[in-house]
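Encoded as structure tokens, the structure appears first; notes follow it.
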4 protein chains.
Amino acid sequence: MNEQQWLKELLQRNGEDVKLSEKQIKILQAAIEMFAEKGYAATSTSEIAKRAGVAEGTIFRHYKTKKDLLLAIVTPTLFKSVAPFLAKEFVKEVFESQYQSYEDFIRALLRNRYQFVKKYLPAIRVFWQEIAFHAEIKEQFQRIFTTHVYQKFKQIVEHFQEKGELTAIPVDSVIRMTITTIAGFLLTRFIVLPDYDWDDEAEMERTVQFLMHGLSKKDGWFA
Amino acid sequence: MNEQQWLKELLQRNGEDVKLSEKQIKILQAAIEMFAEKGYAATSTSEIAKRAGVAEGTIFRHYKTKKDLLLAIVTPTLFKSVAPFLAKEFVKEVFESQYQSYEDFIRALLRNRYQFVKKYLPAIRVFWQEIAFHAEIKEQFQRIFTTHVYQKFKQIVEHFQEKGELTAIPVDSVIRMTITTIAGFLLTRFIVLPDYDWDDEAEMERTVQFLMHGLSKKDGWFA
Amino acid sequence: MNEQQWLKELLQRNGEDVKLSEKQIKILQAAIEMFAEKGYAATSTSEIAKRAGVAEGTIFRHYKTKKDLLLAIVTPTLFKSVAPFLAKEFVKEVFESQYQSYEDFIRALLRNRYQFVKKYLPAIRVFWQEIAFHAEIKEQFQRIFTTHVYQKFKQIVEHFQEKGELTAIPVDSVIRMTITTIAGFLLTRFIVLPDYDWDDEAEMERTVQFLMHGLSKKDGWFA
Amino acid sequence: MNEQQWLKELLQRNGEDVKLSEKQIKILQAAIEMFAEKGYAATSTSEIAKRAGVAEGTIFRHYKTKKDLLLAIVTPTLFKSVAPFLAKEFVKEVFESQYQSYEDFIRALLRNRYQFVKKYLPAIRVFWQEIAFHAEIKEQFQRIFTTHVYQKFKQIVEHFQEKGELTAIPVDSVIRMTITTIAGFLLTRFIVLPDYDWDDEAEMERTVQFLMHGLSKKDGWFA
DNA sequence: CATGAATGAGGTTTCATTCAT
DNA sequence: TATGAATGAAACCTCATTCAT
């Protein structure tokens, strides 16, 4: 039972608990595992039913189509993926209190996303593997990203550029490099080389240092 | 005819020209386009045949199975993807003459891979989208990467660390950050936001600067 | 419904009733008819579906492959073909009570197998037509024949040779001639010339006489 | 080259040599082998071409359809199968000179057909395996059998019944038992148990004895 | 609410045959 | 004459979805 806790957490939004029957959870778990491994298109509903231990028809009682089942996995994952940026008070908190520097912010963000990926890895795999193939998912992601993540990220970066901590290269470049660096670490850590002998604390700190050296205002940037 | 030049180049190895009938090229082109767009599993051979303008049976005369068709696209792409590192004289050239600094090397590598991705984008998409789903492709990639790319990359990084240009953080971390940064740029440039108003020259130079500031030996790294 | 009785009987073993849905019976009936007529390889699953009045997919819900469908017909037929010899008490019964002579035994066997072929003719045709093409069927048959039929037949023949009823030629020859003669009659009667104006009682008795004259101990056998 | 002699002999009729190109012989050989092993319907023309070492198109240059190729094998085999009865002088020879008794006739027939089967086994397998599936072949066989074999066989049997050598049971029964017995031996010898440790001379003589004891006029037949 | 038999459209693959070379 | 690339119909089989129980 406890094993399914992560799934319930992934599916909840705004802290409201979602109601899922035993069978529904089994179905989602099976679907996530198989979609992650073989891909959505290469996984049959009968395989999912078998692994979930339910009848084929039961899947379609809960999810009208196979695609709905995918979206039931992918949509919550998308929201949780960018969750830090969805909180209303997020930017304010960054400015006013919590983070004294971009470095602090980055460090917190990296650690937060590290925990997130560690917890929900299979669902995240599904999300990123399928986003290339489904226009609806891509559009939903772009909408969320543009209206929530990008806007807020921009405010933060400009804030620290004005404070003189970050170089004056275009904000978009800073955002791109930041995201690319964080995502690059997590991808390598959890997908490309999960079996490598990682010293997570050290590598995360190295990643923060790399990013900050790369982005700090200092002599030499195009000098 | 000229349109297909890139395909012929992609398929050739060791400079030897590959022999492809008119129809074979049409099939490969159609397959690459559709696999890139919808994914291998979601693309039917009948669709490929239709787009290629051949009978469905013709596909199977040239490629015994649908999987063989995928591999005919993916294997050359894998080799071309890491081509710079496959050349015998590669490391020697880096040391002895061509590149005075890691920065020069990175700049050359980035430009080279930029041209590569620009030229072969659809095939590269197929490669990276499908590597997650096909164990054989993943294994082939790991074999090539470990024995060719990683070994040589390591020599190069150690060389410039000894020369005092790069920080003394673990070689693996340097390699990871380098690849991550380059790949992150190319991915954003060509896949995530291809329609953004890019100033390629400027962004590439910024990326090089970011990387070098991030990796250069200097006060502050863990100080 | 009653028409299908023979099929249910053919499929049952050890007297246990087999559970077959309406559609399954229709599929088996259609398959037997078509395999008998055109052969397994020349019969398509779509034809079977059409004749059975079911969707093609329904066949594959019940039988994973076309070959499985063949085996579902052929295996029970094989067992029923040699059924008399599979009964545990068979030899004992022959010796102790039922049959006073080889002639009685042969007569009973011939009549029994005559009824069997008459009842299950189409399935038997399938069995004998396909045994030449499928190694698994041939091997299964040889295993059953060697361990059950041959062993018991040998005991019986030796018994009546010792009693002086049968000539002293090699047991294997006696068995071969017996089987050959019985099978030859049934084959001619039901397959080669089913439309000939047969007097079954007379011809069976003639066949028994022919066999017994041919095999009885008497002056003249190699004398 | 000498290997193909049997094929040329099989194909010739009335002693006239048939003209066959090298490739045609290879095709026929390959077809006979594969039809014998897997059956006509389960053998593809491309397999035949491969085994024959010719291009697929070459088969269709010599035989308009796959069925024609089958008939090119089966028709000569049919004629050779009943060849002894096709000779014009056959009956006369039996009566006037060669065979003093039915036993002599049977012995000669059995030895003759034994040699025939030994020589042309693969083609004979094809003939008997396919006769069940192809109405044209069955009809051709029935025509030949009725008009040539049966007529002459009847004359012979009646001749020896009149001479008092054979019992007075119906001629058809005598013919059936004779053919059944001979065919039963050959089938067991060459198809069912070819690997058994046969003493051919002894078993053939036993078969003749069995047949003659079974058919001779004597006390006991229905007495 | 759950089941699983049934469907039929569509998937990959094979095949006999044709035809330009 | 011989080839083998090309065809497209049809083969076997899978699949998402429905629905009576």
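What you see is a predicted model, and the numbers here were worked out from it, not measured in a lab. A note on names: the letters A, B, ... follow the listed sequences, proteins ahead of strands, and every chain is numbered from 1.
One atom, CD of C/E22, and another, P of E/dT7, lie 12 Å apart when rounded to the nearest Å. Here the C1' atom of nucleotide E/dG4 and the NZ atom of C/K19 are 15 Å apart, to the nearest Å. Atom pair C/E47:CD and F/dC13:C1' shows a separation of 16 Å (rounding to whole Å applied). With rounding to whole Å, A/I27 atom CD1 is found 10 Å from E/dA2 atom C1'. Look at OH on B/Y63: it is 15 Å from C1' on F/dA6, rounded to the nearest Å. If you take CZ of D/F35 and C1' of E/dA16, they are 12 Å apart, rounded to a whole angstrom. For the pair B/E56 CD and E/dG11 P, the computed distance is 8 Å after rounding to whole Å. For the pair C/I59 CD1 and F/dC15 P, the interatomic distance rounds to 18 Å; values are reported in whole Å.
Residue C/S44 is in sugar-phosphate contact alone, with no base atom involved, counting any heavy-atom pair closer than 4.0 Å across all strands shown. Nucleic acid contact class of A/T65 (heavy atoms, under 4.0 Å, all strands): sugar-phosphate only.
Classification of C/E136 and C/K67 as a salt-bridged pair holds, one side-chain N sitting under 4.0 Å from a carboxylate O. D/R125 has no carboxylate O lying under 4.0 Å from a charged side-chain N of D/E37, or vice versa, which leaves the two without a salt bridge.
Checking E/dT13, E/dT7, E/dT18 against every side-chain atom of D/F60, the shortest atom distance belongs to E/dT18. Closest to the C/K23 side chain, of the nucleotides E/dA6, E/dT13, E/dT17, is E/dA6. When the nucleotides E/dT18, F/dG8, E/dT13 are ranked by their closest atom to the side chain of B/A55, F/dG8 comes out on top.
Rotation axes derived from the C1' atoms of the five outermost pairs at either end of the helix from E/dA2-F/dT21 to E/dT21-F/dA2 lie 0° apart, to the nearest 10°.
If you run salt bridge (charged side-chain N to carboxylate O under 4.0 Å, His left out) between D/E33 and each of D/K38, D/K26, D/R51, only D/R51 comes through.
The shortest non-hydrogen separation linking D/P76 to D/L10 is CB-O, 3.5 Å.
Using modelled atom types, one finds a donor on one side chain and an acceptor on the other under 3.5 Å when comparing C/T45 with C/E56.
Using bins of under 30°, 30° to 60° and over 60° for the plane-to-plane angle, the ring pair A/Y40/A/H134 lands in the perpendicular bin. Using bins of under 30°, 30° to 60° and over 60° for the plane-to-plane angle, the ring pair B/W6/B/Y120 lands in the tilted bin.
In this structure a side-chain-to-backbone donor-acceptor pair under 3.5 Å is missing from D/T58 to D/V54. Side-chain atoms of D/T77 come within 3.5 Å of backbone atoms of D/I73 as a donor-acceptor pair (strictly under, hydrogens ignored). At least one donor-acceptor pair closer than 3.5 Å links the side chain of B/T43 to the backbone N or O of B/G39.
Listed pair B/K64 / E/dT12 fails the phosphate criterion, with no side-chain N or O lying under 4.0 Å from OP1 or OP2. Listed pair D/H62 / F/dT1 fails the phosphate criterion, with no side-chain N or O lying under 4.0 Å from OP1 or OP2.
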Exercise for the section: Could you go through the side-chain contact (heavy atoms from CB on, under 4.5 Å) check for D/S44 and D/K66 one step at a time? Expected result: CA-CA 9 Å; D/S44 73; D/K66 189 187 170 195; over 6 Å; no
Practice task
Decide side-chain contact (heavy atoms from CB on, under 4.5 Å) for D/I59 and D/I48; before the verdict, give the C-alpha distance in whole Å, the side-chain angles of both, and the deciding distance to 0.1 Å.
Solution key: CA-CA 9 Å; D/I59 292 176; D/I48 296 170; 3.9 Å; yes
Between the protein and nucleotides 19-21 of chain E, which nitrogen or oxygen pairs are less than 3.5 angstrom apart?
none

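Comparing C/T45 and A/S46 against DNA chain F, the residue whose closest nucleotide sits nearer the 5' end is C/T45.
Scanning residues 66-77 of chain D for heavy-atom distances under 4.0 Å to DNA chain E yields D/K66.
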